[in-house]
Amino acid sequence: MIIRALTSRLKDKLHKGKVIVLIGPRQVGKTTMINNLLENTPYLFLDGDDSVVAETLASANTETLKSIIGSYKYVFIDEVQRIPNIGLKLKIMVDQIKDVQVIVSGSSAFDINHATQEPLTGRKFEYHLFPISWQEFENNVGYIKAQQQLELRLLYGMYPDVINNFGEEYEVLKNLVSSYLYKDILALAGIRKSEVLEKILQALAMQIGSEVSYNEIAQLVGIDKNTVNNYIDLLEKSFVIFRLNSFSKNLRNEIKANKKIYFYDNGVRNMVIGNFNSIALRQDKGALWENFLIAERFKKLAYSQSTAKPYFWRTTQQQEIDYLETNADAISAFEFKWSATKKVKLPNSFKEAYQPDFLAVTKENFREFLK
């Protein structure tokens with residue numbers, strides 16, 4: 001079992017008088033991590049996907065909740081977003097059942113936040129769990145084996161079941177994408193047209209590293225721009241994709257409002273377009289490398305609770321920087337190159353305006369960027 005970076009952080013938050021909320025997509029290991037956290041400790045497990053559990057908790061009053069919990073000191077509720085009025089029930093547990101630690105998890109950031117935002121104001125610790133990070137992977141398999149598998153991870157991604165089923169990655173990913181993307185997410189949003197979601201995902205998958213035009217996607221798919229935005233918002237809140245904003249501050253010709261979109265996992269992206277050719281044969285190896293590095297960096301920032309803000313930068317004259325971060329008054333700029341033989345330098349206009357730190361990230365030094 002791969003030890004997750006959040007385990008120790010959650011352990012430090014036990015019995016602090018607040019609900020621990022763990023959000024992340026299905027199959028990233030939320031339940032496994034909580035089981036590991038509570039190992040050798042009796043706890044009550046309640047599954048929000050079970051209709052009886054959901055109905056019972058939804059209608060429970062304070063005394064009923066006390067009876068359900070009984071003598072347990074730990075309660076773990078999975079897929080908590082399935083349970084109506086769960087925010088109020090969790091508030092009761094925190095306020096009225098003082099010696100119990102409640103941990104909840106779910107796969108929809110939107111629904112969980114909607115249900116718990118007001119009732120649990122000041123009463124929760126919230127964390128996001130993503131597919132396995134490079135640091136977690138390397139800590140588990142060792143430096144050499146991790147380096148040997150770098151190209152595999154670019155192709156098949158970092159989902160736990162993918163990593164743990166060597167040689168069966170395609171089948172695992174196919175099941176994951178078909179069940180999670182085209183069933184769970186559609187059911188979650190009450191959407192029936194899976195072909196629209198599929199076409200939007202394919203369009204996004206082909207535009208990694210490029211600025212995304214909602215108008216172009218709308219014309220390509222045959223729907224309106226607002227519908228595209230709604231689908232992209234749904235995919236982001238379901239941890240399939242994330243948006244990267246453009247940075248502008250001092251220079252008149254900086255692009256100010258555009259966005260790039262990346263996938264949280266390379267394997268999901270490659271399954272969407274149906275391409276698992278080896279890196280040597282691919283025309284999109286640069287995009288795969290960029291997506292992998294930025295997704296991994298996002299995990300790092302989240303797990304370390306960094307205050308750094310991520311961006312990309314481009315001007316109307318097509319000068320660009322793949323990725324940059326601002327932290328207080330400091331700016332760090334990064335360019336991503338699969339091949340270390342290509343010389344990289346910052347645009348002079350950016351360099352003079354911002355005096356950033358700079359790193360060209362290649363497969364020879366990427367651990368510096370991720371660890």
| CA sep, side-chain torsions, deciding dist, call: Val102, Val94, side-chain contact (heavy atoms from CB on, under 4.5 Å) | CA-CA 8 Å; Val102 181; Val94 172; 5.6 Å; no

Do [X] and [Y] have side chains that get closer than 4.5 Å, going by heavy atoms?
| X | Y | answer |
| --- | --- | --- |
| Glu335 | Glu290 | no |
| Ile132 | Tyr159 | no |
| Val19 | Arg123 | no |
| Leu90 | Pro119 | no |
| Lys345 | Phe358 | no |
| Ile103 | Leu37 | yes |
| Val268 | Leu176 | yes |
| Met93 | Val100 | no |

| request: Tell me, with the steps shown, if Val196 and Val221 meet side-chain contact (heavy atoms from CB on, under 4.5 Å). | output: CA-CA 7 Å; Val196 173; Val221 178; 4.2 Å; yes

| side-chain hydrogen bond (donor to acceptor under 3.5 Å, both in side chains) assessment of Thr307 paired with Asn327 | CA-CA 6 Å; Thr307 58; Asn327 200 345; 3.0 Å; yes

| field | Under the side chain to side chain donor-acceptor pair (under 3.5 Å) test, residues paired with Asp99 that sit two or more places apart | value |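 Listed in chain order: Lys73.
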
| Ser349: partners by side chain to side chain donor-acceptor pair (under 3.5 Å), with sequence neighbours left out |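 Testing Ser349 for side chain to side chain donor-acceptor pair (under 3.5 Å), a comparison that skips the adjacent residues, returns Gln319.
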
| query | For the side chain of Ser306 and the backbone of Ala302, is there at least one donor-acceptor N/O pair under 3.5 Å apart? | reply |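 No, because the side chain of Ser306 does not come within donor-acceptor range (under 3.5 Å) of the backbone of Ala302.
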
| message | Treating Ser246 as the side-chain partner and Asn258 as the backbone partner, does any N or O pair qualify as donor plus acceptor under 3.5 Å? | response | yes

| request: Go through the steps for Ile232 and Tyr214 under the test side-chain contact (heavy atoms from CB on, under 4.5 Å), then give the verdict. | output: CA-CA 9 Å; Ile232 288 176; Tyr214 289 10; 3.6 Å; yes

For [X] against [Y], the heavy-atom pair lying closest together:
| X | Y | answer |
| --- | --- | --- |
| Ala218 | Asp224 | CB-C, 3.8 Å |
| Ala308 | Leu301 | CB-CD2, 4.1 Å |
| Gln207 | Ile217 | NE2-CG1, 4.0 Å |
| Phe292 | Asn266 | N-OD1, 3.5 Å |
| Ala205 | Val272 | CB-CG1, 4.2 Å |
| Ala54 | Gly48 | CB-O, 3.9 Å |

Ring centers of [X], [Y] separated by less than 6.0 Å:
| X | Y | value |
| --- | --- | --- |
| Trp134 | Phe366 | yes |
| Tyr323 | Phe312 | no |
| Tyr354 | Phe247 | yes |
| Tyr74 | His15 | yes |

[Y]/[X] salt bridge by N-O under 4.0 Å criterion:
| X | Y | value |
| --- | --- | --- |
| Lys174 | Glu171 | no |
| Arg269 | Asp265 | no |
| Asp233 | Arg243 | yes |
| Lys259 | Glu211 | no |
| Arg82 | Asp50 | no |

| task | Please say whether more than 12 non-hydrogen atoms of neighbouring residues, nucleotides or ligands are located less than 6.0 Å from CD in Gln147. | result | yes

| said: For the CD atom on Gln283, are there more than 12 heavy atoms of other groups (residues, nucleotides or ligands in this structure) within a distance under 6.0 Å? | reply: no

Between [atom1] of [X] and [atom2] of [Y], what distance do you get to the nearest 0.5 Å?
| X | Y | atom1 | atom2 | result |
| --- | --- | --- | --- | --- |
| Phe369 | Leu293 | CZ | CG | 6.0 Å |
| Lys300 | Ser133 | NZ | OG | 10.5 Å |
| Lys66 | Ile92 | NZ | CD1 | 10.0 Å |
| Phe336 | Leu288 | CZ | CG | 14.0 Å |
| Leu129 | Phe239 | CG | CZ | 9.5 Å |
| Ile200 | Asn230 | CD1 | CG | 9.5 Å |

| remark: Applied to residues 361-371, the salt bridge (Lys or Arg N to Asp or Glu O under 4.0 Å) test, sequence neighbours excluded, yields Glu138-Arg367, Glu138-Lys371

| query | Stepwise, does the side-chain contact (heavy atoms from CB on, under 4.5 Å) test hold for Val172 with Tyr156? | reply | CA-CA 10 Å; Val172 172; Tyr156 295 110; over 6 Å; no

| Should Asn270 and Arg282 be marked as a side-chain hydrogen bond (donor to acceptor under 3.5 Å, both in side chains) after you check the CA-CA gap, both sets of side-chain angles, and the distance that decides it? | CA-CA 12 Å; Asn270 288 332; Arg282 298 184 72 116; 3.2 Å; yes

| task | Please list all pairs passing the side-chain hydrogen bond (donor to acceptor under 3.5 Å, both in side chains) test where one or both residues lie in residues 22-35, with sequence neighbours left out. | result |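 Those involving residues 22-35 are Arg26-Asp49, Arg26-Asp184, Thr31-Asp78, Asn35-Tyr43.
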
| task | Please step through side-chain hydrogen bond (donor to acceptor under 3.5 Å, both in side chains) for the pair Asn61 and Thr64, ending with a clear verdict. | result | CA-CA 5 Å; Asn61 58 29; Thr64 304; 2.8 Å; yes

Please list, one pair per line, the donor and acceptor atoms closer than 3.5 Å that link side chains of residues 1-11 to other protein atoms, with sequence neighbours excluded.
from, atom 1, to, atom 2, distance (Å)
Arg4, NE, Glu136, OE1, 3.1
Arg4, NE, Glu136, OE2, 3.2
Arg4, NH1, Val28, O, 2.6
Arg4, NH2, Phe130, O, 2.6
Arg4, NH2, Glu136, OE1, 3.3
Thr7, OG1, Arg4, O, 3.1
Arg9, NH1, Gln305, OE1, 2.9
Arg9, NH2, Tyr303, O, 3.0

| query | Which class fits the ring pair Tyr127 and Phe125: parallel under 30°, tilted 30 to 60°, perpendicular over 60°? | reply |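 Ring orientation of Tyr127 relative to Phe125: tilted.
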
| request: List the steps, then state whether side-chain hydrogen bond (donor to acceptor under 3.5 Å, both in side chains) holds for Glu151 with Gln149. | output: CA-CA 6 Å; Glu151 292 194 12; Gln149 290 196 29; over 6 Å; no

| What about Leu88 and Ile77, same hydrophobic cluster or not, with Ile/Leu/Val/Met/Phe/Trp/Tyr joined at side-chain heavy-atom distances under 4.5 Å? |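 Per the 4.5 Å side-chain linkage, Leu88 and Ile77 are not co-clustered.
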
| request: List, by chain and then residue number, the residues other than Tyr143 in its hydrophobic cluster (Ile/Leu/Val/Met/Phe/Trp/Tyr, side-chain heavy atoms under 4.5 Å); write none if there are no others. | output: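 Ile144, all in the cluster of Tyr143.
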
| query | Is it the case that Arg153 places NZ or CZ above or below the six-membered ring of Phe137, under 6.0 angstrom from the centre and within 45 degrees of the axis? | reply | yes

